[in-house]
Amino acid sequence: MTSAEHGHGGEMPRRDFLMVATGTVAVVGAAAAVWPLVDSMNPASDTLALASTEVDLAPIAEGQSITVQWRGKPVFVRYRTADEIKQARDIDATTLPDPKRDEERAQNPKWLVLVGVCTHLGCIPLGQRSAEPRGDFGGWFCPCHGSHYDTSGRIRKGPAPENLQVPAYTFLNDTKIRIG
Amino acid sequence: MSNMQLKNPILRWIEYRLPIFSFLDDSLGSNYPAPKNLNYWWNFGSLAGIALVLQIVTGIVLAMHYVPHVDYAFDSVERIMREVNYGWFLRYLHANGAALFFLVVYVHVFRGLYYGSYKYPREILWWLGIVIMVLMMATAFMGYVLPWGQMSYWAATVITNLFTALPWVGVNITEWLWGGFTVGNPTLNRFFSLHYVLPFAIVGVVFLHLWALHQHKSNNPLGIDIKGPQDTIPFHPYYTYKDLAGLGVFLLVLAAFVFYSPNYMGHPDNYIPANPLQTPAHIVPEWYFLPFYAILRAIPSKLGGVIAMAASIFVLFLLPWIDTSRVRSTKFRPVYRYFFWFLVIDVIVLGIVGAKPPEGIWILVGRLATLYYFVHFIIIMPFVGWFERPLPVPDSIHKPVLVSAGAAAVEAQR
Ligand code: HEM
Ligand code: FES
């Protein structure tokens, strides 16, 4: 009895091992074959290549904003007035929903560069043109679900969780920046 | 198996090799027994199936003229409207058909809620129905993006941005969905691909849904089991003709929209080509998404709103356990009966709130209605089922039918 069981016991684990091993290889192989399908949906090389935009600041007057496109997104470039800079800097940043000091957000206090996409669900906030509402904090106002941004593009009120993003940019000279 | 007696020798020849006629007869013919007491609320299942076929047929023809590219999509839809023979008719059928499809499915779901059709032994049938509803939502959302108008573009932006709420991987997933850094041409292309194929996936799930249905047959207004042949009538001709009558009404309503007010349920902004640099002043989803949109906006946190919206559908999967009542049909539930109608009103209120800008009183109303929605499922349903004493339930389906028929006969003799 015991010896007969033993004889079978010697066979079965071997078969089980082969089954598990084959199954594992099949699953890993199938997963590896699915990855190209999934990854093909990520941004393609030519989409990634459109990565930088240059902006000439000379034509922008004080208190004026322009909108340029970078990676298909609007980027706000604003020549801030002294008053706006003061408003942005005179506040205790630690009390804000997304606490960041204006000094960390503007390389040159006069120039504010922001990705003009509401961090809530991606609408474009109003406030670029003088006739548009600029919200309770004098910056931008997103009409979709009511987010208010201040003169540093920081979220102050409404459902957006974060400040308007500051893209990576460099000053090429006094009147030219490159975004990206 | 049906013991079909086919007279026509050609049909008999086919049946012998491929028993398709007996299959149909067993599935929706004279050999499929259905409860004899089904009311008009049972029309909406077959109507939903017909609406699906209508979407597929009009969609396939539209796809012959539509161009899925950001530079051509809007113009190709305008060309369908102005140049393609009967193009306006096809497009209006497809757009209004989608809206009525949702109306029909929502009635179908509330029918299931009222008569306890999600309870034992129909749990899987119910789940498959919810899966169909979710697939429909995905399909209609992607279809709405295709004309590439302002509402298309911004609906796509706002809805895909919901995924950025997920911690850590949110942005990666969203850019993966877009195939870029914003909604753009890659997004439009894949949405077209998926919009074409998902309806066929829905057809597949509908087959599973019907398979599960046929296992235990239809529920009925009394919510009691079929006890024997005296409780049923053959599906054909009784319910086939009843369903055809319902179809006639459906087609009248569809025709009224298509011919007299084809843009009634649409938004004028979608006749403005998509502009990635300008959000319309007031973006609203199609009416059939409004209650969910209201729940999304009711929670003052981005991730919280997304979770609440997902939960509002997920909770439906749990109904078989949430509902503790001993009887299926709300007809015999003196207390729950009121709460059912409160839920209907609540969902309508959510729909109204979803259409309003999120200001003033609407914020409060939206929050209360959202709260009530979840209170209904999580607290009221289990609790009422537990303490409520149901009214006496008839022993069998044919008894009350015979009794009321007898009473009517007596009434007529007087
Ligand atoms: C579950 C079934 C379906 C639903 C709920 C649905 C829904 C929709 C919706 C809401 C639109 C936007 C209509 C508008 O405002 O213009 C649309 C557009 C479109 N659909 Fe579908 N659809 C379905 C099936 C299909 C199928 C199977 C195809 C193709 C094989 C298709 C092809 C199209 C095309 C080409 C458009 C763009 C033209 C247009 O805007 O009218 N649809 N669909
Ligand atoms: S997208 Fe700006 S508030 Fe929602």
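To find a chain, count down the sequence lines: A is the first, B the second, and so on, and within it residues start at 1.
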**Student:** Identify the residue among Met151(B), Gln278(B), Gln150(B) that makes a side-chain contact (heavy atoms from CB on, under 4.5 Å) with Ile272(B).
**Tutor:**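 Per the side-chain contact (heavy atoms from CB on, under 4.5 Å) rule, the option paired with Ile272(B) is Gln150(B), out of Met151(B), Gln278(B), Gln150(B).
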**Student:** Pro74(A) versus chain B, heavy atoms under 4.5 Å apart: side chain, backbone, both or neither?
**Tutor:**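 Pro74(A) touches chain B through backbone and side-chain heavy atoms alike.
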**Student:** Name the member of Thr182(B), Ile299(B), Leu303(B) that forms the most heavy-atom pairs with chain A at distances under 4.5 Å.
**Tutor:**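 Among Thr182(B), Ile299(B), Leu303(B), the one with the most close pairs to chain A is Thr182(B).
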**Student:** Under 4.5 Å from any heavy atom of chain A, what part of Ser301(B) do you find: side chain, backbone, both or neither?
**Tutor:**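 Neither part, no heavy atoms under 4.5 Å.
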**Student:** Does one side chain, of Gln107(A) or Trp111(A), offer a donor that lies under 3.5 Å from an acceptor on the other?
**Tutor:**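 Judged by distance alone, the side chains do not pair up.
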**Student:** Between Leu277(B), Asn185(B), Thr157(B), Thr160(B), who has the most heavy-atom pairs with chain A when the cutoff is under 4.5 Å?
**Tutor:**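 Sorted descending by pairs with chain A, the first entry is Leu277(B).
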**Student:** Based on non-hydrogen pairs under 4.5 Å, which of Leu162(B), Val183(B), Ile159(B) is most in contact with chain A?
**Tutor:**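 Result: the option with the highest number of such pairs is Leu162(B).
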**Student:** Of the backbone (N, CA, C, O) and the side chain (C-beta and beyond), which part of Val117(A) lies under 4.5 Å from a heavy atom of chain B, both, or neither?
**Tutor:**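 Interface part for Val117(A): neither.
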**Student:** Using heavy-atom distances under 4.5 Å, tell me whether Gln128(A) contacts chain B through its side chain, its backbone, both, or neither.
**Tutor:**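 For Gln128(A), neither part sits under 4.5 Å from chain B.
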**Student:** Check each atom of Leu296(B) against the heavy atoms of chain A and say whether the ones under 4.5 Å are side chain, backbone, both or neither.
**Tutor:**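 Contact with chain A involves the side chain of Leu296(B) alone.
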**Student:** Is it true that Asp92(A) and Thr94(A) share a donor-acceptor pair across their side chains at a distance under 3.5 Å?
**Tutor:**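 Present: a donor and an acceptor within the cut-off.
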**Student:** How many angstroms lie between atom CH2 of Trp176(B) and atom OG1 of Thr174(B), to the nearest 0.5 angstrom?
**Tutor:**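 Reported value, rounded in 0.5 Å steps: 10.5 Å.
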**Student:** Contact part of Phe163(B) toward chain A, heavy-atom cut-off under 4.5 Å: side chain, backbone, both or neither?
**Tutor:**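 Answer is neither: Phe163(B) stays 4.5 Å or more from chain A.
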**Student:** Any donor-acceptor pair under 3.5 Å linking the side-chain atoms of Thr119(A) with those of Lys302(B)?
**Tutor:**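 Side chains of Lys302(B) and Thr119(A): no pair found under 3.5 Å.
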**Student:** Would you mind checking if Arg134(A) and Glu84(A) are paired as a salt bridge, meaning a charged N to carboxylate O distance below 4.0 Å?
**Tutor:**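 Between Arg134(A) and Glu84(A) there is a salt bridge, with a charged N closer than 4.0 Å to a carboxylate O.
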**Student:** So, Cys118(A) with Cys144(A), SGs under 2.5 angstrom?
**Tutor:**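 No.
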